[in-house]
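Step one of this worksheet: look at the structure below.
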Amino acid sequence: MNPPIAKKAPKDVTVHEDPRIDDYFWLRERHDPDVVAYLRAENDYADEFLEPLTGLRKVLYDEMVARLKETDQSVPFRRDDYLYYSRTEKDRQYDIFCRKRAIDAALAEPEEVVLDENILAEGRPYFSVGAREVSPDHRYLAYTVDTTGSESFELYVLDLATRAIVDGPISGLSYDVEWGNDSETLFYTILDEQMRPHAVRRHRLGKPLDGDIELFREPDPAFFVGLEVTRSREYLFIVAESNTTTETRFAKLDDAVMEAGPSTFQTVKKRQTEVEYHVAHSGQSFFILTNEDAFNFRIFEAPARRPSRTQWREIVPHRPNVKIDSIDAFERYLVIKERENGLKRIRVMDLLTRESREVAMDEPVYTTWLEYNPDFHSTQLRFSYSSLTTPRSVFDYDMEEGSKKLLKRYEVLGGYDPENYASERLYASAVDGTKVPISLVYRRDTPRDGSAPLVLYGYGAYGVSVEPHFVANRVSLLDRGVIFAIAHIRGGGELGRAWYEKGKRFYKRNTFTDFIASAEHLVAKGYTRAGNIVCYGGSAGGMLMGTVLNMRPDLWRAAVAVVPFVDVLNTMLDTSLPLTVIEFEEWGNPAEKKAYEYIRSYSPYDNIAHQDYPSLLVLSGFNDRRVQYWEPAKWVA
């Protein structure tokens, strides 16, 4: 087989007197017929290369589908007199969003289909629903759809009684859509030319779009804009945030519905570089989670009507070993999601007594997350739990009694028995002596004498924590004697804010050397051997793949790079691209020579060497707005 060879069209991209020639810069021209022809040739080559595996691929696909309970239903959540839920049907790809009127929980009326995404997706090569918001009076559904994969959405409003579209499309939206309490007003965020959510608008149902009022516009290209209505439905928040800085404006939701404009909003705290904060509301108070003078965050309480900084009162202090991830407020309880030793936990504070207790979990390595909890007055907290061996399990936690009840454990068909598998937490020593956690899972009968193949996954950016959760498709690997491991490397948030800070900007190389140290530790402990590891990552984790391939190609049998951010230097020098400016806080601004030289030292595209590389599977999306298709295309070329 002859792989496609991209033509070379040298372009001088010299910066800071560092001579660089980019032979494949031309691949950025998405409308050039030669670009499209080259990408199609790469797809054809991949199909041809993988053709001998057609039989195995079908076996694996059939196995994976056989484990799925294709006809299934989520645990219903209650909003007023309705129970809402999603269900799936065999051989249909998308969700069916439904409800039942149920004044009495024991006596529900027949099902009403709110939105069948399968019908909307018919005939479309790509389809995704972004927002799906039922109006407070339960009469309308506001939903957004993306049919290109660009994450630019169109908004529609459906009358649930008549099944008629009564408004829309409104185009160019980001993810956030919120209803006013009048069920006639919508708030939404829109994208600018760089695909950045940058403004908030208010729309009256059925009124012309040119009458929509702009409530806020963010001029700084480093900031994204988001919307949130508090669980109490008393306040509307407009949040402007970069990767490291936050500014929140607030107004009474009912005031924001009225004809008043931007002046209706007050600011909780004006933006201050490197200070993040997040706000929740209950009663007369705002609860504010912030990293101001608190690396791992602390919690304050402030009067909601005038939450000036002088009025903040600390209620949960900073703890050096515990990172507070987020807070959620109910009428009587404050739910605190925190992390210690790389593991998430949920703590519930009684707002009357100010006492708190931790929700008990069942395994030493696990993850947990909150489900949708719309009822502000509820004393029940719904959350999900999973581990590398335990499928997703949905619980209700009684915040008054401190007890939990299992509502549903998602079924894995085909005889899956968690007792046949084992999970562990190991610690590798990084080059500077730092202990790097590794989560791994394998069948109990897999030999640990170095002979087993191993898949090592990593991400390590933006403070994102990679959680050790169950994936049914992974069982096909485990049952064939493959070990699956996650390297919780610096740049992520698993061990607190410092873990993130020591893997960004001028500490970014820690991310790569931590991943290599994790692979070497797994080899040293007999889980696998060098040259028998598949490394796997996507987006910023794809940059990780590109860099560790350059640094230590001998460790890997193969690499899977999904939409990899590999042309780092060129992208960060081009401020016309979506996301570039906001990314300066993560990688540095190469317009500054020091940052340029540091990025230049690891950027995968700029450090390809004449050496034996392992096999690569590289995936990209032509309309991906986060990592442009040409980055992996140029890298492969």
Side-chain angles (χ1 to χ4, degrees), residues 57-58 60-79 82-102 108-135 138-177 179 186 188 371-372 374 384 391-392 394 407-414 470-473 562 619 621-625:
R57 290 167 71 182
K58 185 177 188 311
L60 291 170
Y61 176 80
D62 291 343
E63 278 183 17
M64 293 172 181
V65 171
R67 289 190 199 97
L68 298 177
K69 190 175 183 182
E70 292 187 80
T71 300
D72 204 358
Q73 179 181 308
S74 68
V75 180
F77 65 84
R78 176 175 285 279
R79 258 189 59 190
Y82 286 91
L83 296 173
Y84 286 90
Y85 56 94
S86 291
R87 60 181 179 82
T88 54
E89 294 180 351
K90 183 175 175 58
D91 297 327
R92 304 185 80 196
Q93 186 172 350
Y94 296 94
D95 277 356
I96 304 169
F97 183 41
C98 305
R99 69 181 181 184
K100 293 181 180 180
R101 188 173 177 87
E109 293 182 2
E111 175 181 276
E112 175 187 355
V113 173
V114 177
L115 189 71
D116 188 339
E117 296 177 13
N118 297 280
I119 294 174
L120 295 179
E122 285 178 1
R124 300 184 184 275
Y126 179 89
F127 181 80
S128 177
V129 169
R132 199 172 59 187
E133 298 290 337
V134 177
S135 60
H138 303 272
R139 178 179 176 182
Y140 300 110
L141 174 72
Y143 67 94
T144 61
V145 297
D146 171 17
T147 58
T148 67
S150 65
E151 296 180 74
S152 177
F153 292 91
E154 289 188 326
L155 170 66
Y156 297 86
V157 180
L158 176 69
D159 186 318
L160 295 176
T162 66
R163 307 304 300 173
I165 297 293
V166 295
D167 211 334
I170 305 175
S171 301
L173 272 68
S174 184
Y175 283 92
D176 295 331
V177 175
W179 283 100
L186 283 164
Y188 60 91
E371 292 288 336
Y372 182 47
S384 278
R392 177 185 169 194
V394 182
L407 303 178
K408 180 183 179 72
R409 176 158 289 151
Y410 281 77
E411 192 174 353
V412 182
L413 304 180
F470 181 81
V471 177
N473 288 349
V562 182
L619 304 175
F622 193 63
N623 292 320
D624 193 313
R625 71 180 175 94

Rounded to the nearest 0.5 Å, what separates atom CE in M64 from atom CG in D62?
10.5 Å
Can you confirm whether L68 sits close enough to V412 that some side-chain heavy atom of one is under 4.5 Å from a side-chain heavy atom of the other?
no
Residues passing the salt bridge (charged side-chain N to carboxylate O under 4.0 Å, His left out) test with R124, sequence neighbours excluded, are none
How are the rings of W179 and Y140 set relative to one another: parallel (under 30°), tilted (30 to 60°) or perpendicular (over 60°)?
parallel
Can any side-chain N or O of S128 pair as donor or acceptor with the backbone N or O of D146 at less than 3.5 Å?
no
Looking only at non-hydrogen atoms, find the nearest pair between N118 and D95 and report the distance.
ND2-O, 3.9 Å
Those residues at least two apart in sequence (or on a different chain) that pass ring pair (Phe, Tyr, Trp, His ring centres under 6.0 Å) with F97 are Y84
d(L160 CG, S135 OG) to nearest 0.5 Å is 7.0 Å
Pair S150-S152, side-chain donor/acceptor within less than 3.5 Å:
no
In short, A66 meets L413 closest at the heavy-atom pair O-CB, 3.2 Å
Search all heavy atoms of I170 against all heavy atoms of L173 and return the closest pair with its distance.
O-CD1, 3.2 Å
Taking all atoms of both residues into account, what is the closest heavy-atom pair of E70 and V65, and its distance?
OE2-CG1, 3.6 Å
S86 versus R132, closest heavy-atom pair with distance:
OG-NH2, 3.2 Å
Using the side-chain hydrogen bond (donor to acceptor under 3.5 Å, both in side chains) criterion, which residues pair with N623? Sequence neighbours excluded.
none
Please enumerate all residues that pass salt bridge (charged side-chain N to carboxylate O under 4.0 Å, His left out) together with D91, with sequence neighbours excluded.
none
Sorted by chain and number, sequence neighbours left out, ring pair (Phe, Tyr, Trp, His ring centres under 6.0 Å) with Y85 holds for none
Output for pair (S171 OG, L155 CG), nearest 0.5 Å, gives 9.0 Å
If the condition is salt bridge (charged side-chain N to carboxylate O under 4.0 Å, His left out), which residues does E154 pass it with, not counting sequence neighbours?
none
Are the side chain of K408 and the backbone N or O of Q73 linked by a donor-acceptor pair below 3.5 Å?
yes
Neighbour count >12 (heavy atoms, 6.0 Å) for atom CD, E111:
yes
Output all residues satisfying side-chain hydrogen bond (donor to acceptor under 3.5 Å, both in side chains) with R92, sequence neighbours left out; order by chain, then residue number.
E89, D116
Under 3.5 Å, side chain of T162 to main-chain N/O of A164, donor-acceptor pair present?
yes
Heavy-atom nearest pair, A131 first then T144, reads N-OG1, 2.8 Å
Which residues pass the side-chain hydrogen bond (donor to acceptor under 3.5 Å, both in side chains) test with Y410, not counting sequence neighbours?
none
E109/R99 ion pair, N-O < 4.0 Å:
no
Only counting residues at least two apart or in another chain, list the ones meeting salt bridge (charged side-chain N to carboxylate O under 4.0 Å, His left out) with K100.
none
List the steps, then state whether side-chain contact (heavy atoms from CB on, under 4.5 Å) holds for Y143 with V145.
CA-CA 7 Å; Y143 67 94; V145 297; 3.8 Å; yes
Taking P374's backbone N and O only, do any of them form a donor-acceptor pair with R78's side chain (distance below 3.5 Å, no angle check)?
no
Within residues 157-177 or reaching into it, pairs that qualify as ring pair (Phe, Tyr, Trp, His ring centres under 6.0 Å) - sequence neighbours excluded
F153-Y175
Could you give all pairs that pass the salt bridge (Lys or Arg N to Asp or Glu O under 4.0 Å) test and reach residues 157-173, with sequence neighbours left out?
R139-D159
Are more than 12 heavy atoms from other residues, nucleotides or ligands located less than 6.0 Å from atom OH of Y61?
no
With sequence neighbours left out, write down each residue that passes side chain to side chain contact (heavy atoms under 4.5 Å, CB included) with S384, or none if nothing qualifies.
W369, E371, R392, V394
Measuring from I96:CD1 to L115:CG, what's the distance to the nearest 0.5 Å?
10.0 Å
Check whether D72 reaches the backbone of T88 with its side chain - one donor and one acceptor, N or O, closer than 3.5 Å.
no
Counting N and O atoms only, with roles assigned by atom type, does the side chain of D176 sit under 3.5 Å from a partner on the main chain of Y188, one being a donor and the other an acceptor?
no
